[in-house]
Amino acid sequence: MAALLLRDGFVAEPHAGRADVLIVNTCGFIAPARDESIETLRRLAEGKRPGQLLIAAGCLTQRYGTEVVRQVPGIDGLIGTRRWMDIVEVVRGLRAGGPPAARYLLPAAETVGVDERGVVRAAVAGASAYLKIADGCRRPCAFCAIPLIKGTAVSRPLEVLVEEVRQLEIQGVREVILIAQDTTDYGHDLGLRDGLPTLLEAMLAAAPGIDWFRLLYAYPGAVSHRLIDLMASQPRLLPYLDMPLQHAHPAVLRRMRRPANMEAVRRTLERLRQAMPGMALRTTFLVGYPGETEAEFDELMAFVAAMRFDRLGVFTFSFEPGTASEPLGDTVPAEVKEDRRRRLMERQQQISLENNQAFVGRTLPVLIEGCDNSLSLGRSYRDAPEIDGIVVVEGEVPAGEIVPVRISGAMAYDLTGTVEREQRRLVVAAAAEHT
Ligand code: SF4
């Protein structure tokens with residue numbers, strides 16, 4: 001949306017009070033996200049000055065548009081999640097004035113195939129870019145509202161994605177982060193078998209200047225041998241994988257309608273670690289799912305202790321009307337859910353600290369994202385932006401550089417270190433030669 005508006009002559013204004021048009025990209029996935037979206041919209045609506053326009057975009061609008069307008073009376077326009085490419089039309093329509101009928105509620109018509117408009121559909125932040133390879137999901141997870149909001153999975157054409165990666169390379173992007181609701185399902189609807197490795201191979205060949213490719217949101221049971229072999233053989237494919245497992249007790253997983261063969265999950269995790277020693281594994285779990293007993297939760301705790309994940313997130317179950325789990329109700333009390341979330345996170349915190357301590361004395365390439373007060377902040381291959389840790393580096397290094405950092409300190413989530421000057425000199429010289 002930002003790219004389209006900028007191309008049409010609009011100017012980005014980070015201060016809400018000075019902007020003519022306020023656009024909130026809402027999330028409707030779970031209750032806390034909905035509350036945050038409504039809260040943000042209300043705050044902006046209350047502070048609106050005459051003539052200022054407020055538009056609610058995204059998932060919450062898609063699923064509950066009428067309700068959003070009812071709860072936030074100051075909203076001027078709505079735009080659904082798969083109609084983001086109509087944002088210019090919506091803004092222009094609203095600015096031209098007109099009755100309340102000028103409000104837009106654009107439903108989820110087929111719209112993913114908008115690539116001919118030539119917009120790079122990547123969100124670029126500094127030297128990193130998220131690249132969405134598909135939208136929607138065809139998995140049956142009982143707790144999840146995403147298929148209700150977004151519909152089934154629609155993959156973006158391979159050649160379009162390869163071209164976008166080339167564009168990102170030209171823009172100077174160093175890291176491309178592939179995202180979708182389920183990246184391992186890429187290409188299924190295009191008739192590709194095991195399409196993700198095929199896509200990655202094409203991207204690696206097309207954009208040699210992209211240093212890091214990172215994969216998020218793999219589905220258990222869909223991480224193929226071919227994908228693992230490719231990751232192990234290509235240094236530019238980071239040895240990092242985010243595979244949300246949601247739970248470790250087969251009975252809970254069956255109630256969730258998720259892959260429940262924990263032996264197979266263990267084998268996949270072992271295979272990844274064997275193929276890529278030092279592999280960073282991230283996962284997320286859902287606690288307090290309807291009917292979750294203390295014994296089932298204990299099994300999850302034991303699994304986390306045994307698997308020693310590098311990164312781990314824990315969510316509490318959010319009751320979502322319309323999902324397959326609705327008939328199960330919301331049986332675990334809120335305080336029990338929260339207590340389980342806290343216990344799991346505390347267990348993981350110690351594991352995370354120990355994992356981090358193992359890196360002290362080693363040298364890691366770090367992508368620098370900014371500096372402040374003689375310190376630079378960056379990320380190693382183990383850190384996806386915003387969700388994982390950071391590496392705090394002594395001294396000021398230009399943002400966008402990948403530098404070798406000798407790790408000298410470890411905290412629960414973050415590392416500290418100093419740049420290996422000699423190695424950096426060699427890296428910079430090699431880069432200059434390449435240029
Ligand atoms: S794979 Fe993820 S997005 Fe798809 S239904 Fe399951 S939880 Fe939802």
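The chain is numbered in sequence order, starting from 1. Every number for a ligand or one of its atoms is a count from 1 in the order of the listing. For clarity, every value in this text was computed on a predicted model and none was experimentally measured.
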Taking atom 2 (Fe) of ligand 1 as the reference point, the nearest protein heavy atom with its distance: Gln181 O, 4.2 Å
N/O/S atom of Cys144 inside 2.8 Å of atom 8 (Fe) of ligand 1, strictly under: yes
Closest approach of Ser376 to Val397 (non-hydrogen atoms, all atoms of both residues): OG-N, 2.8 Å
Sub-4.0 Å atoms of ligand 1 with respect to non-hydrogen atoms of Arg258: 1 (S), 6 (Fe)
Parallel, tilted or perpendicular: ring planes of Phe285 versus Phe309, cut at 30 and 60 degrees: perpendicular
Tyr217 near ligand 1 by a heavy-atom separation under 4.0 Å: no
Ion pair Glu346/Arg342, N-O distance below 4.0 Å: yes
Short side-chain to backbone donor-acceptor contact, Ser325 and Ala142, under 3.5 Å: yes
Whether Cys141 has an N, O or S atom under 2.8 Å from atom 6 (Fe) of ligand 1: yes
Pro140 contact mode with ligand 1 (heavy-atom cut-off under 4.0 Å): neither
Exam field: side chain Ser352 to backbone Ala412, donor-acceptor pair closer than 3.5 Å: yes
Tyr240 ring center near Tyr381 ring center (under 6.0 Å): no
Identity and separation of the nearest protein heavy atom to atom 4 (Fe) of ligand 1: Cys137 SG, 2.2 Å
Arg138 touching ligand 1 at heavy-atom level, < 4.0 angstrom: no
